[in-house]
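What follows is a set of notes on a single structure, which appears directly below.
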Amino acid sequence: MSEQPATADHARQQLEPAAADAVRAYAAKTREDADQFAAVLEDIAANGLPSVEDCTPWEELREAHLARLARQRPAVA
């Protein structure tokens with residue numbers, strides 16, 4: 001994204017208050033997720049990789065994620 005301020009030729013369109021709040025909430029969630037990911041990477045850097053016994057196989061993670069997505073999606077007749 002550009003850090004340059006908008007010029008008179010290209011005025012920025014203001015968001016509705018509800019839309020601005022939604023964008024702020026999304027930014028906060030994204031920042032929270034990034035902070036959590038960074039903490040995991042820092043832990044790995046400091047302590048090494050966890051043992052295989054302490055990890056969840058990716059297949060189980062994938063299936064759990066697909067099940068969550070299926071629950072969120074309305075059923076199609």
Through direct or indirect side-chain contacts below 4.5 angstrom among Ile, Leu, Val, Met, Phe, Trp and Tyr, which residues connect to Val40?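 Answer for Val40: Ile44, Leu49.
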Pair up each side-chain donor or acceptor in residues 19-28 with any protein partner under 3.5 Å, not counting sequence neighbours, and list the distances.
| residue | atom | partner | partner atom | Å |
| --- | --- | --- | --- | --- |
| Asp21 | OD1 | Arg24 | NH1 | 3.1 |

Salt bridge (Lys or Arg N to Asp or Glu O under 4.0 Å): which pairs involve residues 51-72, sequence neighbours left out? none
Inter-residue atom distance Asn47.CG - Glu42.CD, 0.5 Å rounding: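 The CG atom of Asn47 sits 11.0 Å away from the CD atom of Glu42.
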Asp35: what forms a salt bridge (Lys or Arg N to Asp or Glu O under 4.0 Å) with it, not counting sequence neighbours?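 For Asp35 there are no salt bridge (Lys or Arg N to Asp or Glu O under 4.0 Å) partners, ignoring immediate neighbours.
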